[in-house]
2 protein chains.
Amino acid sequence: MSDPTVLLRNHGVPVTAQRIAVLNAVTKLPHSTADTIAEEVRASIGAISKQAVYDALATLTSKGIIRRIQPAGSPALFETRVGDNHHHIICRTCGTTADVDCAVGERPCLSAADNSGFKIDEAEVIFWGTCPDCLASS
Amino acid sequence: MSDPTVLLRNHGVPVTAQRIAVLNAVTKLPHSTADTIAEEVRASIGAISKQAVYDALATLTSKGIIRRIQPAGSPALFETRVGDNHHHIICRTCGTTADVDCAVGERPCLSAADNSGFKIDEAEVIFWGTCPDCLASS
DNA sequence: TCAAGATCTGGACTGAGTCAAGAAAAAGAT
DNA sequence: ATCTTTTTCTTGACTCAGTCCAGATCTTGA
Ligand SMILES: [Mn+2]
Ligand SMILES: [Mn+2]
Ligand SMILES: [Zn+2]
Ligand SMILES: [Zn+2]
């Protein structure tokens with residue numbers, strides 16, 4: 001289950017060294033950018049192209065193996081914590097991102113008061129504020 | 001109140017032709033991009049630089065006269081409906097953006113179950129789904 | 001083992017937005 | 001009304017995150 005090779009195979013994704021390394025990097029560094037993941041992968045397998053990183057991240061995301069978060073004004077972030085629709089708090093000062101479970105319930109805000117006839121499939125929630133460290137030093 | 005000149009002056013913002021035109025454009029075309037706003041402004045006053053549009057939008061946003069929305073994978077959108085913390089539904093197919101009031105209340109989700117010590121100042125909620133038109137044609 | 005198909009590489013390219021320096025315009029004080 | 005100071009606007013280069021493409025390489029399954 002946590003063996004990347006098995007995980008990829010179970011999802012019908014051809015197993016490549018690059019994909020394994022990208023998945024390991026996302027596991028090791030939650031909420032990190034494609035760029036940070038590329039660096040981590042290079043440290044572990046020596047080299048990978050920027051494009052292969054983006055391709056792997058896109059494939060893993062589309063298979064539900066990882067999750068993409070796209071906060072305003074920052075590049076996309078990736079994490080392996082999927083399937084529990086948790087949300088995120090981001091520090092406006094230092095960018096630190098933390099997980100948060102919504103008080104409302106398992107699938108918060110999925111029903112809107114007036115949905116204008118839309119069929120809603122996802123509620124994206126991002127909290128903005130200041131992290132403990134930045135609060136302390138101010 | 002709805003006179004742009006007065007509105008700007010009340011907020012201590014120097015009144016310029018560009019700012020008035022940008023504010024009018026945002027009023028006329030809610031949920032539109034900086035680019036669309038620039039086109040609208042050019043149609044109305046003849047010319048404006050890209051930078052002046054970004055500057056005006058930033059100033060108006062910082063004064064709370066307009067609001068910036070930054071949906072994942074799309075350029076920022078602007079609107080004049082401020083002060084009522086409403087949220088948005090975006091169609092994955094055609095990009096149409098509609099206003100929505102959250103079922104939870106006036107300030108939905110502002111308190112998270114476990115905030116990890118963060119001081120939260122904003123909850124950004126974006127619903128994703130399919131609009132009535134796109135539902136019909138599928 | 002081999003063919004067919006998918007993936008990876010390298011490099012050019014795009015879109016949204018920012019930076020910086022000088023020209024133009026607005027505000028405040030005669 | 002005019003001048004001075006300060007802010008804003010223009011122009012054009014530049015950055016960053018991400019995409020597109022063509023050819024080389026690797027995975028898979030027969
Ligand atoms: Mn997370
Ligand atoms: Mn709106
Ligand atoms: Zn912080
Ligand atoms: Zn639609």
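Note on naming: letters A, B, ... go to the chains in the order of the sequence lines (proteins, then strands), and numbering restarts at 1 for each one.
For A:Ala34 against A:Val53, the heavy-atom pair with the smallest separation is O-CG1, 3.7 Å. Contact record, B:Cys91 with A:Phe118: N-CE2, 3.7 Å, taken as the closest heavy-atom pair.
Among C:dA26, D:dA17, C:dA27, the nucleotide with an atom closest to any side-chain atom of A:Tyr54 is D:dA17. Listed nucleotides: D:dT10, C:dT9, C:dA16. Nearest to the side chain of B:Ser49: D:dT10. Picking from C:dT9, D:dC9, C:dA16 the nucleotide with the shortest atom distance to the side chain of B:Pro75 gives C:dA16. Taking only side-chain atoms of A:Gln51, from C-beta outward, the nucleotide of D:dG18, C:dT9, D:dT27 with the closest atom is C:dT9. The nucleotide whose nearest atom lies closest to any side-chain atom of B:Val15 is, among D:dG18, C:dA27, C:dT18, C:dA27.
Rounding to whole angstrom units, CD of residue B:Gln70 and C1' of C:dG15 are separated by 15 Å. One interatomic measurement links the two molecules: CG of A:Leu77 to C1' of D:dG18, which rounds to 15 Å at whole-angstrom precision. One atom, CG of A:Asp55, and another, P of D:dT25, lie 18 Å apart when rounded to the nearest Å. In this entry the distance linking CD of A:Glu39 with C1' of D:dA17 reads 14 Å, nearest Å. Following rounding to the nearest Å, B:Leu8 (CG) and D:dT7 (P) show an atom-to-atom distance of 17 Å. For A:Lys63 and C:dA6, the NZ to C1' distance is 12 Å, given to the nearest whole Å. Look at NE2 on A:His11: it is 19 Å from C1' on D:dT27, rounded to the nearest Å.
No donor-acceptor contact under 3.5 angstrom links the side chains of A:Asp101 and A:His87, judged on distance only.
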Residues A:Leu29, A:Ile37; criterion side-chain contact (heavy atoms from CB on, under 4.5 Å); working and verdict:
CA-CA 8 Å; A:Leu29 305 170; A:Ile37 290 159; 5.8 Å; no

Would you check, one step at a time, whether the test side-chain contact (heavy atoms from CB on, under 4.5 Å) holds for B:Asp99 with B:His88?
CA-CA 5 Å; B:Asp99 290 328; B:His88 296 94; 3.1 Å; yes

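Using a distance-only test at 3.5 Å, with no hydrogens or angles considered, a donor-acceptor pair links the side chain of A:Arg19 to the main chain of A:Pro14.
Under 4.0 angstrom from either OP1 or OP2 of C:dC8 there lies at least one side-chain N or O belonging to A:Thr16. Using a 4.0 Å cut-off, some side-chain N or O of B:Gln18 falls inside it from OP1 or OP2 of D:dT10. Contact between the side-chain N/O atoms of A:Arg9 and the OP1/OP2 oxygens of D:dT27 is not found at any separation under 4.0 Å.
In this structure, B:Ala17 reaches neither bases nor backbone, as no heavy-atom distance under 4.0 Å exists between it and the strands shown. A:Ala56 comes within 4.0 angstrom of no nucleic acid atom, judged by non-hydrogen atoms across all strands.
Neither A:Trp128 nor B:Val82 shares a network with the other; the hydrophobic side chains, linked directly or stepwise wherever heavy atoms of I, L, V, M, F, W or Y lie under 4.5 Å apart, form separate groups for each. Hydrophobic clustering (side-chain heavy atoms under 4.5 Å, transitive across Ile, Leu, Val, Met, Phe, Trp, Tyr) groups A:Ile48 together with A:Phe78.
In terms of position along DNA chain C, the nucleotide closest to B:Ser74 lies nearer the 5' end than the nucleotide closest to the other residue of the pair B:Val13 and B:Ser74. Nearer to the 5' terminus of DNA chain D, by closest-nucleotide assignment, is the contact made by B:Arg19 (compared with the other of B:Arg19 and B:Lys50).
Against DNA chain D, the stretch residues 29-37 of chain B makes no heavy-atom approach under 4.0 Å.
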